[in-house]
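Structure below; questions to follow.
For this chain, numbers begin at 1 and follow the sequence in order. What you see is a predicted model; the values in this text were computed from it and never measured. Note that these values count all heavy atoms, side chains included, but never hydrogens, waters or copies made by symmetry.
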Amino acid sequence: MFIDPPPRVLGQAIARGFIGRCPACGLGRLIFGYLRPAARCERCGEALARYQSADFAPYIVTFIIGLIYVPLVLVLAPRQQQNELGVAFLLIAAAATALLLLPRVKGGVIGLLWALRVGNV
């Protein structure tokens with residue numbers, strides 16, 4: 001007789017991953033250092049090594065950065081013919097935003113994969 005596993009709440013798992021916490025319990029650390037995911041939750045023992053985000057997180061970050069900063073650069077670039085300081089500032093802001101978002105989005109992607117049971121056999 002097959003017993004269904006308990007349901008996993010998608011939004012909660014993504015939110016917990018986004019803040020760097022275990023998607024299962026919300027207490028253990030999910031990301032160590034800058035981008036290294038935990039193999040197992042230190043609090044609940046949930047096996048997290050099977051949830052590999054690979055290149056999905058950088059794709060999402062690139063998409064977000066493109067949505068925010070490309071229109072701003074396209075609007076400001078023609079008006080900044082004499083002074084490129086505004087465009088340079090936007091490029092630096094885009095790079096900083098990408099660096100801040102990357103570990104958070106990676107955690108959210110791991111939470112998404114956990115909630116969808118991707119990698120479970």
In the hydrophobic clustering that connects Ile, Leu, Val, Met, Phe, Trp and Tyr at side-chain heavy-atom distances below 4.5 Å, which members other than V70 occupy its cluster, ordered by chain and number?
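The other cluster members (ILVMFWY side chains, heavy atoms under 4.5 Å, direct or chained) are L74.
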Can you give me the closest heavy-atom contact between C41 and C25, atom names plus distance?
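It is SG-SG, 3.7 Å.
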Taking only residues at least two apart or on different chains, which pairs with a member in residues 16-25 satisfy side-chain hydrogen bond (donor to acceptor under 3.5 Å, both in side chains)?
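Residue pairs passing side-chain hydrogen bond (donor to acceptor under 3.5 Å, both in side chains), neighbours aside: none found.
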With sequence neighbours excluded, residues passing side-chain contact (heavy atoms from CB on, under 4.5 Å) with L112:
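By the side-chain contact (heavy atoms from CB on, under 4.5 Å) rule, L112 matches L10, I14, F56, L116.
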Filter on side-chain hydrogen bond (donor to acceptor under 3.5 Å, both in side chains), then keep only pairs touching residues 63-78, sequence neighbours left out; what's left?
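Qualifying pairs: Y69-T97.
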Are F32 and L113 connected in the hydrophobic side-chain network, where two residues link if heavy atoms are under 4.5 Å apart?
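No; L113 is not reachable from F32 via cluster members.
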Given 3.5 Å as the limit, does a donor-acceptor pair link the side chain of R104 with the main chain of L100, or not?
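Checking the backbone N and O of L100 against the side chain of R104, a donor-acceptor pair under 3.5 Å is found.
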Common cluster, L99/L101, ILVMFWY with side-chain heavy-atom separation under 4.5 Å:
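Yes, L99 connects to L101 through the hydrophobic network.
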Of the non-hydrogen atoms in L35 and P103, which two are nearest, and what is the gap between them?
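What the structure gives for the nearest pair is CD2-CA, 3.7 Å.
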Verify same cluster id: L48, V118 (apolar side-chain graph, 4.5 Å):
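Per the 4.5 Å side-chain linkage, L48 and V118 are co-clustered.
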Side chains of L30 and P23 in contact at under 4.5 Å (non-hydrogen atoms)
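A side-chain contact exists here, since the closest heavy-atom pair is under 4.5 Å.
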State which residues pass side-chain contact (heavy atoms from CB on, under 4.5 Å) with I68; sequence neighbours excluded, sorted by chain then number.
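side-chain contact (heavy atoms from CB on, under 4.5 Å) check on I68 returns I64.
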Please name all residues satisfying side chain to side chain donor-acceptor pair (under 3.5 Å) with T62, sequence neighbours left out, ordered by chain then number.
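Side chain to side chain donor-acceptor pair (under 3.5 Å) check on T62 returns nothing, list empty.
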By side-chain contact (heavy atoms from CB on, under 4.5 Å), which residues pair with A57, not counting sequence neighbours?
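Scan of A57 (side-chain contact (heavy atoms from CB on, under 4.5 Å), adjacent residues dropped) gives L102, V105, K106, V109.
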Strictly by side-chain hydrogen bond (donor to acceptor under 3.5 Å, both in side chains), give each pair with a member in residues 27-47 just once, sequence neighbours left out.
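Of all non-adjacent pairs touching residues 27-47, those that pass side-chain hydrogen bond (donor to acceptor under 3.5 Å, both in side chains) are E46-W114.
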Which heavy atom of C44 sits nearest to which heavy atom of C22, and what is that distance?
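Answer, listing the atom of C44 first, then C22: SG-SG, 3.8 Å.
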Just to verify, what does A15 make a side-chain contact (heavy atoms from CB on, under 4.5 Å) with, not counting sequence neighbours?
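A15 satisfies side-chain contact (heavy atoms from CB on, under 4.5 Å) with no other residue.
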Other than L67, which residues form its hydrophobic cluster under the rule that side-chain heavy atoms must be closer than 4.5 Å?
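Traced through the cluster, L67 reaches F63.
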